[in-house]
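Worksheet for the structure shown next.
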Number of protein chains: 2
Amino acid sequence: MRYLLVEDNRELADAIVNRLALDGHAVDHAASLADAEDCLAAAQYDLILLDVMLPDGDGRDFLTRSRAHLETPVIVLTARSQVSDRVGALDQGADDYITKPFDFSELEARCRAVLRRRGGEARNEIALGNAIFDPLAGTLRHGEQTIDLRNREIRLLEVFARHRGQILSKSQLMDRLFSYDAEVTENAIEVYVGRLRRRIDGMDLRIETVRGLGYRMETGEA
Amino acid sequence: MRYLLVEDNRELADAIVNRLALDGHAVDHAASLADAEDCLAAAQYDLILLDVMLPDGDGRDFLTRSRAHLETPVIVLTARSQVSDRVGALDQGADDYITKPFDFSELEARCRAVLRRRGGEARNEIALGNAIFDPLAGTLRHGEQTIDLRNREIRLLEVFARHRGQILSKSQLMDRLFSYDAEVTENAIEVYVGRLRRRIDGMDLRIETVRGLGYRMETGEA
DNA sequence: ACAAAGCTGACACAAGCCTGACACGGCCGA
DNA sequence: TCGGCCGTGTCAGGCTTGTGTCAGCTTTGT
């Protein structure tokens with residue numbers, strides 16, 4: 001998927017770009033409305049993330065103007081204090097909004113939801129070997145039993161599930177699980193992988209250790 | 001089926017028209033109340049989708065005025081779940097309501113439900129474990145007893161009911177329960193979940209806490 | 001065989017959640 | 001108009017539990 005992020009706060013923008021890039025999305029960054037126009041003229045986007053406070057104007061005006069000839073779904077990023085910003089965002093054609101500060105995982109979830117809504121219905125369950133993982137429900141079904149996973153386990157499994165067979169380094173996984181300012185040891189990842197392994201024990205699904213590089217999830221028996 | 005959509009937001013209107021057209025329905029689009037009057041005078045509709053915020057007046061007033069000589073069922077589209085919007089809409093003769101942003105699949109489902117109801121069939125009740133929830137009446141029946149829920153409880157339970165088994169974050173729930181400009185703490189959600197839990201105690205229906213992520217409603221015993 | 005890397009049981013802690021009590025305001029009846 | 005009631009949202013304090021660290025052990029590669 002190709003995203004356009006319109007956001008003037010450099011730091012936040014970089015964080016979002018990096019984060020979404022981890023999901024395999026191409027994200028272009030525009031720091032102003034003028035930039036955004038250029039990008040829109042040059043490429044076709046699947047989703048636009050639009051800040052409302054921009055150096056050269058209000059994102060909402062932009063939204064109103066573009067809506068007529070723009071089909072791409074838009075998620076508006078607003079600051080919590082700016083109450084009036086949120087008011088009417090949807091009426092002006094936004095598909096959803098999210099208030100800063102937000103969790104990246106929530107942003108991702110909303111992106112997915114909006115894209116899903118646009119693209120018609122799509123169940124969001126992921127087959128993992130002989131088990132079924134439902135990231136929205138946070139559950140893992142295997143035969144009769146359904147296990148409820150916890151926050152970190154869900155997030156971790158989701159990353160693995162979306163990058164099956166791929167080696168993921170501990171630092172990559174940390175980026176997905178923890179916020180930027182969180183100071184966490186890599187050992188935490190080892191711990192969570194361990195916990196997750198115990199959860200998926202018995203399913204034909206395993207997380208292999210690639211010494212020195214990271215972990216890789218594989219489905220199917222050894 | 002022939003629908004009339006009264007909605008001034010161009011983008012949203014187009015999306016709805018397209019979507020319903022896929023189901024083989026004929027959908028006329030009116031961007032204002034005046035337009036709507038013209039359409040109603042000119043053709044016979046099976047269902048009306050009515051936005052409340054329109055350039056030339058309030059959809060609800062229109063509803064009140066037309067109800068006297070109009071038998072066609074109406075579904076009101078409200079921006080966010082202003083309680084008063086919902087209550088007012090139903091009192092003024094709406095058959096159902098849906099809050100933006102909504103899934104198209106949900107809109108379709110409600111259209112079907114309303115048409116079915118008009119056709120003399122069952123009410124729009126939702127089975128929840130061994131209880132029956134009527135979101136329009138705001139009641140929950142369980143065996144002999146029928147409990148009346150309060151506004152917030154109804155809305156909350158409705159969200160849960162329509163997303164059964166899915167984890168809903170507090171901010172998602174807030175979006176559903178409160179209007180844009182309401183400044184409400186997430187704690188309010190905790191409180192309402194607590195109150196709702198007490199209501200559904202004894203039915204095989206429970207709201208689980210997913211620490212750090214939100215809540216999830218499950219039916220069926222443990 | 002040695003060091004580096006990974007695993008894991010136990011633990012302490014704070015984030016997150018729950019809940020009783022309360023204050024506010026709208027609504028209705030008197 | 002007044003007063004009481006009911007629904008609502010906040011708050012503070014207590015409690016729960018997921019979480020990340022640590023220490024010591026095991027595994028792996030060279």
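Chain A is the first sequence line, chain B the second, and so forth, proteins listed ahead of strands; every chain is numbered from 1.
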Could you give the [atom1]-to-[atom2] distance, from [X] to [N], as a whole number of Å?
X: A:L173; N: D:dG20; atom1: CG; atom2: P; value: 13 Å
X: B:E208; N: D:dG18; atom1: CD; atom2: P; value: 12 Å
X: A:I189; N: D:dT19; atom1: CD1; atom2: P; value: 12 Å
X: A:E183; N: D:dT19; atom1: CD; atom2: C1'; value: 16 Å
X: A:L177; N: D:dG18; atom1: CG; atom2: C1'; value: 14 Å

Once salt bridge (Lys or Arg N to Asp or Glu O under 4.0 Å) is applied, do any residues pair with [X], and if so which ones, sequence neighbours excluded?
X: A:R162; result: A:E158
X: B:D35; result: none
X: A:R195; result: none
X: A:R10; result: A:D14

Enumerate the protein-to-nucleotides 26-30 of chain D contacts in which both atoms are nitrogen or oxygen and the separation is below 3.5 Å.
{"unit_1": "D:dT27", "atom_1": "O2", "unit_2": "A:R211", "atom_2": "NH2", "d": "3.0"}
{"unit_1": "D:dT28", "atom_1": "O4'", "unit_2": "A:R211", "atom_2": "NE", "d": "3.4"}
{"unit_1": "D:dT28", "atom_1": "O2", "unit_2": "A:R211", "atom_2": "NH1", "d": "3.3"}

Next on the checklist: Please identify the 5'-most and 3'-most nucleotides of DNA chain C with any atom under 4.0 angstrom from a heavy atom of chain A.
Outcome noted: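 Result: C:dA4 to C:dA10.
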Next on the checklist: Is there, by distance only and without an angle test, a donor paired with an acceptor across the side chain of A:R195 and the base of D:dG18 below 3.5 Å?
Outcome noted: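 No.
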Could you tell me whether a side-chain N or O of [X] sits under 3.5 Å from a main-chain N or O of [Y], the two making a donor and an acceptor?
X: A:D8; Y: A:A31; answer: no
X: A:H29; Y: A:E7; answer: yes
X: A:Q172; Y: A:S169; answer: yes
X: B:D56; Y: B:L33; answer: yes

Item to check | Side-chain heavy-atom pair A:L173, A:L156 within 4.5 angstrom cut-off | outcome: yes
Checklist entry - Does the side chain of B:D204 come within less than 4.5 Å of B:H142's, by heavy atoms? => result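 Not in contact.
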Item to check | Residue closer to the 5' end of DNA chain C, B:E190 versus A:K170 (nearest nucleotide) | outcome: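 This one resolves to A:K170.
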Item to check | ring-ring contact (aromatic ring centres under 6.0 Å, His included) partners for A:Y3, two or more places apart | outcome: A:H25
Next on the checklist: Can you list, in residue-number order, the parts of residues 150-162 of chain A that come under 4.0 Å of DNA chain D, counting heavy atoms only?
Outcome noted: A:R150, A:N151, A:R152
Item to check | Under the side-chain hydrogen bond (donor to acceptor under 3.5 Å, both in side chains) test, residues paired with B:T209 that sit two or more places apart | outcome: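 In terms of side-chain hydrogen bond (donor to acceptor under 3.5 Å, both in side chains), with neighbours along the sequence ignored, B:T209 is linked to B:R197.
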Item to check | Contacts of B:R216 that satisfy side-chain contact (heavy atoms from CB on, under 4.5 Å) - sequence neighbours left out | outcome: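 Scan of B:R216 (side-chain contact (heavy atoms from CB on, under 4.5 Å), adjacent residues dropped) gives A:T139, A:D148, B:I167, B:E208, B:V210, B:E218.
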Checklist entry - Axis-to-axis angle across the helix from C:dA1-D:dT30 to C:dA30-D:dT1, five pairs an end, to 10 degrees? => result 40°
Checklist entry - With sugar-phosphate meaning primed atoms plus P, OP1 and OP2, does A:V184 contact a base, only sugar-phosphate, or nothing at under 4.0 Å between heavy atoms? => result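 Here A:V184 touches the backbone only, sparing every base.
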Next on the checklist: Taking the nucleotide of DNA chain D with the nearest heavy atom to each, does B:Y192 or A:T185 sit closer to the 5' end?
Outcome noted: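 Looking at the nearest nucleotide for each, B:Y192 comes out on the 5' side.
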Checklist entry - Can you pull the salt bridge (charged side-chain N to carboxylate O under 4.0 Å, His left out) pairs that have at least one residue in residues 163-176 of chain A, sequence neighbours excluded? => result A:D23-A:R176, A:E108-A:R176, A:K170-A:E190
